[in-house]
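Taking it in order: structure first as structure tokens, then the write-up.
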Amino acid sequence: MAKTYINELSKFVDKEATITGWLYNKRSSGKMQFLQLRDGTGIVQAVLFKGDADEELFKLCGAIPQESSIKVTGSVRADTRSPGGYELSILKIEVVQEAHDYPITPQSHGADFLLTNRHLWIRSKKQHATLRIRDEVIKSIRDYFYDKDFTLVDAPIFTPAACEGTTTLFEVDYFDDKAYLTQSGQLYMEAACMAFGKAYCFGPTFRAEKSKTKRHLTEFWMVEPEIAYADLNDVMGLSEDFVSYIVQRVLKNRKDEIAVLERDTKILQNVTPPFPRVSYDEAVDMLKKGGIDFKWGGDFGAPDETLISGNFDKPVIVHRFPAQIKAFYMKNDPENNDLALCVDMLAPEGVGEIIGGGQREDDLEILQKKIADHGLPDEAFGWYLDLRKYGSVPHAGFGLGIERMVSWLCGSSHVRETIPFPRMLYRIYP
Ligand code: 4AD
Ligand code: MG
């Protein structure tokens, strides 16, 4: 019997096929058994009519427990009323392993229980759809940069120094020395863009975030492009083109998953360049007008970002934050030394910051001073300073957090659902 996947059933209409999968759900009407099978590519309903079957097979159908692994052979019918468009009339069933007391039942469960059972929870429809969208996001990122002639340059995970501030570093023993899990591959991409012109890295990054919010993980994935001979304007243009590309690819290629998530796509369809751009100063005015008592010089919190992005129906780019709240590597605005040439992109619908980036300091002496002012150890940055000694040029880039991007696309209530096995404060299991 031809084994097939559920998403290829169209090739087997009016023929027999075998699906190898798991029992997702079932119901019975006394005369009929309805089994919902899943195999990772989709869900199909398999039916058995009592009058058509021998008693043994009918009984077996009613007795198989949820999430048992089964092989079902049946004849395939096109049926517009079925969710996937096809239905299977059961001819034969082989139980591979009978599962008992599967913990995730069709009733609702609390978040903590589901996270503890994450290894099983990813089988559930919405979690499955979310991770399929994550897969499309990742593939679209790789395609985007490949098509634009960026070279993928992997950044290391063990690093000798902080990139994004010393308060969120994970320290590890490195033989007789100390090392830190990377917070960002950016500094290495600055080296890479001087070798390849346009480079990007894409990998896990780590932050010892003590915050328990719906937007923070301690391990998350970031994609970081960096371009030589580029300035702040160039990265603003790249970031809006890039984000638009990802959104439109997901809308085109993951329609079924978006439907499973019941995601309203009106705002997403609208995501095309150009995006609105506002300066930090203008954003602060919006906060004040919106009734928030915000002091110039501070960083935006989640409610501030929600208010600012609420003024727009597309992601908004906020540029030129106060230099004092930004990382050591940022270049100051030549027109106002108190400001940094940096950008944050805020997604609408209360999602907030999805991108952070900007233009880098390219002058050796100024950079040395910034490293000292931030209390960072210069011995760890010798190699980084070399980049300003040997052919320094203006350069710029940004980082997009994958989980926040997927969370926005899926309309998830928490980023923890957008990564297969989330790592958070107080959670490192499973
Ligand atoms: O704004 P961040 O800290 O920027 C950097 O790390 C730069 N070095 C990137 C660069 O210019 N190459 O982080 C970038 C993005 C954020 O906008 C957010 O989307 C995501 O990374 N992010 C997190 N996502 C989940 N959990 C966390 N704890 C995150 N911290 C940052
Ligand atoms: Mg940031």
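Everything numeric in this text was worked out from a predicted model, so none of it was measured.
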Sidechain N-carboxylate O distance under 4.0 Å for [X], [Y]:
X	Y	value
Glu240	Arg277	yes
Glu226	Arg360	yes
Lys11	Glu8	yes
Asp112	Arg427	yes
Arg263	Glu349	yes

If you measure only the distance, is there a donor-acceptor pair under 3.5 Å linking the side chains of [X] and [Y]?
X	Y	answer
Asp39	Thr41	yes
Arg207	Thr218	no
Thr168	Gln183	yes
Gln107	His109	no
Glu224	Ser184	yes
Gln36	Gln45	no
Asp143	Tyr245	no

Report the distance from atom [atom1] of [X] to atom [atom2] of [Y], rounding to the nearest 0.5 Å.
X	Y	atom1	atom2	value
Leu48	Leu35	CG	CG	8.0 Å
Tyr180	Thr166	OH	OG1	9.0 Å
Ile93	Ser68	CD1	OG	10.5 Å

Can you find a pair of side-chain heavy atoms, one from [X] and one from [Y], that are under 4.5 Å apart?
X	Y	value
Leu115	Met424	yes
Val415	Phe220	no
Val47	Leu88	no
Ile402	Met222	no
Met345	Glu353	no

Are any side-chain N or O atoms of [X] and backbone N or O atoms of [Y], one a donor and one an acceptor, separated by less than 3.5 Å?
X	Y	result
Arg118	Pro420	yes
Lys26	Gly62	yes
Arg249	Arg254	no
Asn253	Val250	no
His128	Gly40	yes
Thr265	Leu268	no

The single option from Leu60, Leu37, Val96 passing side-chain contact (heavy atoms from CB on, under 4.5 Å) against Ile70: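 The side-chain contact (heavy atoms from CB on, under 4.5 Å) with Ile70 is passed solely by Leu37 among Leu60, Leu37, Val96.
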Considering all heavy atoms, the nearest Leu387-Leu187 contact: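 For Leu387 versus Leu187, the nearest heavy atoms are CD1-O, 4.4 Å.
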side-chain contact (heavy atoms from CB on, under 4.5 Å) evaluation trace for Asn270 with Lys314: CA-CA 7 Å; Asn270 196 29; Lys314 280 188 189 184; 4.0 Å; yes
Could you check whether [X] makes a cation-pi contact with [Y], meaning its NZ or CZ is under 6.0 Å from the centre of the six-membered ring and within 45° of the ring axis?
X	Y	result
Arg38	Tyr24	no
Lys3	Tyr5	yes
Lys148	Tyr146	no

Tyr188 ring center near Trp383 ring center (under 6.0 Å): yes
Centroid-centroid distance, Phe145 to Tyr200, less than 6.0 Å: yes
Neighbour count above 12 (heavy atom, 6.0 Å) for Lys50 NZ: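 Open.
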ring-ring contact (aromatic ring centres under 6.0 Å, His included) pairs, two or more places apart, involving residues 247-300: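 Of all non-adjacent pairs touching residues 247-300, those that pass ring-ring contact (aromatic ring centres under 6.0 Å, His included) are Tyr280-Trp296, Tyr280-Phe300, Tyr280-Phe321, Phe294-Phe300, Phe300-Phe321.
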Partner of Tyr329 by side chain to side chain donor-acceptor pair (under 3.5 Å), out of Gln186, Glu190, Glu361, His374: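 Answer to the side chain to side chain donor-acceptor pair (under 3.5 Å) test with Tyr329 among Gln186, Glu190, Glu361, His374: Gln186.
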Partners passing side chain to side chain contact (heavy atoms under 4.5 Å, CB included) against Asp52 (at least two apart in sequence or in another chain): Phe49
